[in-house]
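A short worksheet on the structure shown next.
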Amino acid sequence: MTVQLVHVADLHFGADADIRQIEALEGMLPDLRPDALVISGDVTQRARHGEFQRARAFARIVAQTAPVVAIPGNHDVQWWRRPFVPFGKDALYHKYRRYFGDDLTPTLTIPGGAVIASALTSHGVAWGSLTTTLRDIAVKGHLPKAEFLRVQRLFGESAAGIPRVLVLHHNVLRGEISRRMGLARWRQAQQRIVASGAEVVLCAHDHQEGADVLGGKVVVSTAGTLSTRSRGGRPSCFNFVTIEPTAVHITFFRWEGERGRFQASDTTAFARSGGKVSAANLQPQVT
Ligand SMILES: [Fe+2]
């Protein structure tokens with residue numbers, strides 16, 4: 001079975017959202033016939049009620065076409081609330097939960113197609129996310145051991161041969177332009193992601209789209225942004241991920257501002273064999 005996923009992130013409702021792009025995506029989604037739409041976090045700019053309300057409206061509109069898997073990004077977390085109070089973490093997610101429901105790490109199984117799990121990497125001001133750079137506070141994320149073990153167990157219990165897709169917010173590979181990693185202790189996080197059994201990772205945060213491989217085993221789709229904050233002034237972009245028995249394809253749909261539409265652009269293909277991403281054939285082929 002072939003699984004088709006629309007992968008978006010960093011919509012940043014608020015001053016920086018590009019509502020033309022949002023409406024264009026809402027309008028074209030039924031024609032793309034996705035099996036699911038994944039929102040890899042940062043639906044708001046400042047975790048404000050109005051921003052969450054438009055984000056929820058977006059999620060409800062696209063849910064008429066396909067099931068939605070959404071997780072919070074660092075902008076969706078009220079990190080300034082009780083940052084140093086142990087066990088005060090619930091306050092961080094209060095608004096997100098009000099609009100997107102209690103589950104911060106939803107799972108979706110597409111029958112016979114794929115299991116989509118998610119991991120929480122947006123923890124606000126947390127020891128695990130701290131780095132030696134002050135401006136990283138509440139921006140970087142981390143992948144806690146408990147999250148890794150939960151996802152690993154979930155994938156372990158899924159039917160054999162079914163693609164395992166992991167959704168998280170922070171970029172797991174270094175940004176091409178920013179040269180930044182999204183996660184603190186990123187080597188450990190990368191090892192955990194590979195060990196989790198994920199075949200495809202859907203992440204974001206860097207505001208630059210990407211299609212690459214982690215550890216010779218995991219295909220990584222990094223979504224760009226649908227806001228005006230695209231890195232390097234590049235056109236905004238969302239990703240269309242196709243998982244077939246023998247390949248994973250990531251197609252970038254780039255924004256054409258003058259025509260007011262997204263257009264399918266380049267595709268990067270990765271080989272799979274026997275239901276697994278094949279290390280021997282992982283050279284991306286850009287067509
Ligand atoms: Fe982010």
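Given the structure is predicted, the values throughout are model-derived calculations rather than measurements. Counting starts at 1 for both ligands and their atoms, in listed order.
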Taking 4.0 angstrom as the limit, do R174 and D206 come out as a salt bridge?
-> no

Flag H170 as yes if one of its N/O/S atoms falls below 2.8 Å of the Fe ion (ligand 1), otherwise no.
-> no

Parallel, tilted or perpendicular: which fits the ring planes of H205 and H170, with parallel below 30° and perpendicular above 60°?
-> tilted

Is the ring centre of F240 less than 6.0 Å from the ring centre of H249?
-> no

Backbone or side-chain N/O/S of H75 under 2.8 Å of the Fe ion (ligand 1) = no

Closest non-hydrogen contact found for P163 with E199 is CA-OE2, 3.4 Å

So, is D42 placed with an N/O/S atom under 2.8 Å from the Fe ion (ligand 1), counting both backbone and side chain?
-> yes

Considering just N/O/S atoms, say which atom of H205 is closest to the Fe ion (ligand 1).
-> ND1

Could you confirm whether S122 has any N/O/S atom lying under 2.8 Å from the Fe ion (ligand 1)?
-> no

Closest N/O/S atom of H169 to the Fe ion (ligand 1), by atom name?
-> NE2

Which of these, V200, L166, V165, sits in a side chain to side chain contact (heavy atoms under 4.5 Å, CB included) with I116?
-> V165

